[in-house]
Q: 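Pasting in a structure now, in structure tokens, and then I'll have a few things to ask.
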Amino acid sequence: MKVELRVNGVSRTADVEPRKTLLDTLRENFLLNGAHAGCEHGVCGACTVLVDGEPVRSCLMFAVQADGYEITTIEGLAPAPGELSVIQDAFCETHGLQCGYCTPGMILSAHALLQHTHTPSREEIVEAISGNICRCTGYGQIVEAVQFAAGRLQKSNALRPNHVSPGHHGAGHDAPEEGVLEADAPKEIV
Amino acid sequence: MKPAPFEYVRPQSLAEACELLAGDEDARAIAGGQTLVPMLAMRLARPTKLIDIMRLPELAGIRTEGGAVVVGATTRQVIAERDPLVRAQLPALAAVLPWVGHPATRNRGTVGGSIANADPSAEIPLVAVTLGAEIMLATPDGPSSMPADDFFIGPMLTTIAPGECVSAVRFPVWEHRSVGVGFFEVSARKSDFAFASALAQVALDEDGRCIDIALGVGGVGDRPLRLDVSPLLGTRLDAASVAEAVHASAGDLEASSDLHASASYRRRVAITLGKRAIEQAITEAGARPLKGAA
């Protein structure tokens with residue numbers, strides 16, 4: 001079946017069997033390998049992507065079901081090639097990456113949470129990532145990364161939409177708006 | 001690609017969906033697919049066709065209708081969880097929804113899908129049975145309905161026949177002035193399948209007397225069960241009378257054993273949670289906390 005999907009703000013078409021999951025379609029047809037195949041039956045959360053701005057398991061959705069929705073993968077979060085979003089950066093700084101397998105799903109879940117609230121409690125962070133399993137058992141640094149990112153986003157004074165907005169450069173990245181300096185961003189090296 | 005091959009159809013109307021479902025008894029309806037897709041991936045289900053009902057306008061939306069809140073079958077769980085009407089008029093549904101799966105599965109999973117799936121430990125079927133909801137069905141002969149208590153007949157088993165599909169759930173609203181809800185569940189991990197769960201809804205009059213009460217338990221038997229705690233009606237509730245009523249009503253509770261929990265453990269947990277759920281409901285309904293409540 002021919003499907004037309006909106007992925008990271010770009011329309012893409014693919015010819016897929018109905019039984020092909022959104023996960024496999026993203027990875028094989030569009031070469032977006034950031035969504036990882038873990039358990040492939042909805043338990044681990046490694047395949048998390050955003051559908052209309054909300055985290056969804058891409059292994060539990062067939063590509064044929066997904067047309068008409070805005071799909072955002074981890075590749076769509078970076079503000080520009082070679083740059084990282086505030087949350088991605090926070091994961092690096094707090095050693096929240098560890099083996100990295102669950103990281104894209106964790107970051108997308110955190111991204112959706114921080115779109116809804118600027119000041120999440122620890123419980124809200126834990127709840128938001130409760131469907132994402134980390135087998136390094138390193139949730140400590142991951143929770144710390146989300147708290148750190150929340151703090152930075154608060155200080156950034158950037159307007160953030162409630163939902164991921166399509167278009168622009170990638171979809172709904174969490175970086176400050178153009179021209180708004182992040183409070184504790186490092187000084188630009190000349 | 002782990003599922004066996006199937007054909008995918010997205011009908012334009014509910015009537016067309018029913019026709020497709022009636023025409024092939026190996027066809028299955030799919031909405032959010034949060035339970036069906038894992039079953040397909042494990043090849044526990046091998047339907048010939050998937051009829052995607054997710055976008056049918058007839059199945060969408062939440063509305064009030066003559067003393068009830070009607071939740072359309074394809075209402076996603078996260079939408080019901082955030083809905084002001086549900087929060088105000090269906091506190092029992094609002095209380096259980098955060099316990100349904102994980103945030104990422106609630107974003108796709110639907111209220112009607114959970115009902116049609118009929119997992120004995122699922123929270124939404126427990127609300128339906130406890131409150132005495134009506135399951136609205138679309139059939140080839142037109143709309144029909146069935147009380148939740150008759151609709152669930154066993155683990156993952158309902159009275160749905162080929163050609164039928166859950167169209168909505170009609171949850172009755174308690175119009176009393178002070179209504180409280182209590183919900184507890186025990187599982188290995190948060191959001192996992194419950195070994196046992198209990199949901200209570202209590203209404204009190206100005207003098208603190210119980211004017212309406214409902215108690216249901218999930219995960220214990222092969223379907224959600226409503227327990228008879230009617231002896232508490234018209235009385236002032238205290239810890240001793242609640243405990244007595246719950247023990248009496250749970251006397252013939254048929255529990256099931258499996259790898260995770262024995263029948264006697266499930267029954268004991270259900271009784272304890274049942275008491276706590278009523279006690280929490282009373283507290284929430286505005287009465288003083290019970291003396292001697294555990």
Side-chain angles (χ1 to χ4, degrees), chain A residues 1-3 16-25 27-28 35 37-69 105-106 108-110 112-113 116 123-133 162-163, chain B residues 1-10 27-56 74 76-79 81-82 97-110 113 117 187-193:
Chain A
M1 272 178 98
K2 204 168 174 200
V3 290
V16 294
E17 269 192 68
R19 61 173 166 156
K20 190 158 192 172
T21 60
L22 178 59
L23 170 68
D24 288 342
T25 307
R27 291 179 60 89
E28 291 169 13
C39 67
E40 292 185 273
H41 60 270
V43 177
C44 76
C47 67
T48 303
V49 301
L50 303 181
V51 171
D52 285 351
E54 302 284 3
V56 154
R57 298 193 182 317
S58 62
C59 74
L60 292 191
M61 193 167 180
F62 297 113
V64 289
Q65 292 175 285
D67 76 325
Y69 298 119
M106 290 283 186
L108 286 164
S109 294
L113 171 72
H116 285 293
E123 288 68 34
E124 284 172 315
I125 295 171
V126 169
E127 166 72 11
I129 60 169
S130 66
N132 298 80
I133 295 177
N162 281 328
H163 289 288
Chain B
M1 285 189 277
K2 302 201 294 185
F6 53 78
E7 203 184 313
Y8 173 84
V9 193
R10 197 185 296 156
R28 287 283 295 266
I30 185 167
Q34 299 300 288
T35 307
L36 181 57
V37 178
M39 285 170 70
L40 297 174
M42 291 184 272
R43 301 208 176 187
L44 293 169
R46 300 181 68 143
T48 48
K49 281 194 194 90
L50 284 188
I51 316 296
D52 188 348
I53 57 169
M54 191 69 175
R55 303 181 196 207
L56 293 177
T74 55
R76 290 182 294 127
Q77 289 151 6
V78 68
I79 299 295
E81 191 179 344
R82 291 176 189 159
L97 280 167
W99 294 83
V100 179
H102 298 289
T105 59
R106 291 201 291 278
N107 284 330
R108 284 288 297 162
T110 63
N117 188 53
S187 55
R189 287 162 294 267
K190 165 108 201 284
S191 298
D192 236 331
F193 295 103

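In this text, all values refer to a predicted model and were calculated from it rather than measured experimentally. Every chain is numbered from 1 and lettered A, B, ... according to where its sequence line falls, protein lines coming before strand lines.
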Q: I need the residue from Gln34(B), Arg55(B), Met42(B) with the largest number of non-hydrogen atom pairs under 4.5 Å to chain A.
A: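 Option with the greatest count: Arg55(B).
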
Q: If you draw a 6.0 Å radius around CZ in Phe193(B), do more than 12 non-hydrogen atoms from other residues or ligands fall strictly inside?
A: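 For Phe193(B), atom CZ is not crowded (no more than 12 foreign heavy atoms under 6.0 Å).
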
Q: Considering all heavy atoms of both residues, which atom of Asn132(A) and which atom of Met106(A) are nearest to each other, and what is their separation?
A: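 Nearest heavy atoms, Asn132(A) then Met106(A): O-CE, 3.3 Å.
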
Q: Between Ala41(B) and chain A, which part of the residue has a heavy atom less than 4.5 Å away: side chain, backbone, both or neither?
A: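 Side chain only.
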
Q: I'd like to verify something: which residue of Met54(B), Arg10(B), Arg106(B) has the highest number of heavy-atom pairs under 4.5 Å with chain A?
A: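 The answer is Arg10(B).
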
Q: Is the side chain of Arg19(A) donor-acceptor paired with the backbone N or O of Phe6(B) at a distance under 3.5 Å, no angle test?
A: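 Pair absent, no side-chain N/O of Arg19(A) close to backbone of Phe6(B).
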
Q: Pick from Glu7(B), Met39(B), Arg108(B): which one has the most heavy-atom pairs with chain A under 4.5 Å?
A: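 The option with the most such pairs is Arg108(B).
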
Q: Where do Val37(B) and Phe62(A) land on the side chain to side chain contact (heavy atoms under 4.5 Å, CB included) test, with the steps shown first?
A: CA-CA 9 Å; Val37(B) 178; Phe62(A) 297 113; 3.8 Å; yes

Q: Please look at Ser130(A) and chain B and tell me whether the side chain, the backbone, both or neither of the residue comes under 4.5 angstrom of a heavy atom of that chain.
A: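 For Ser130(A), backbone and side chain are both near chain B.
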
Q: May I ask you to say whether Arg27(A) pairs ionically with Glu40(A), meaning some side-chain N is under 4.0 Å from a carboxylate O?
A: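 Answer for the salt bridge query: no.
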
Q: Of the non-hydrogen atoms in Thr48(A) and Gly105(A), which two are nearest, and what is the gap between them?
A: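 That would be CB-CA, 3.7 Å.
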
Q: Which one of Val43(A), Val56(A), Val64(A) has the most heavy-atom pairs closer than 4.5 Å to chain B?
A: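 Looking at each of Val43(A), Val56(A), Val64(A) in turn, Val64(A) comes out on top.
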
Q: Quick one: what part of Leu50(B) sits under 4.5 Å from any heavy atom of chain A, side chain, backbone, both or neither?
A: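 The side chain, not the backbone.
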
Q: With a 4.5 angstrom heavy-atom cut-off, could you sort out which part of Arg189(B) is near chain A: side chain, backbone, both or neither?
A: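 For Arg189(B), there is no contact with chain A at all, as no heavy atom is under 4.5 Å.
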
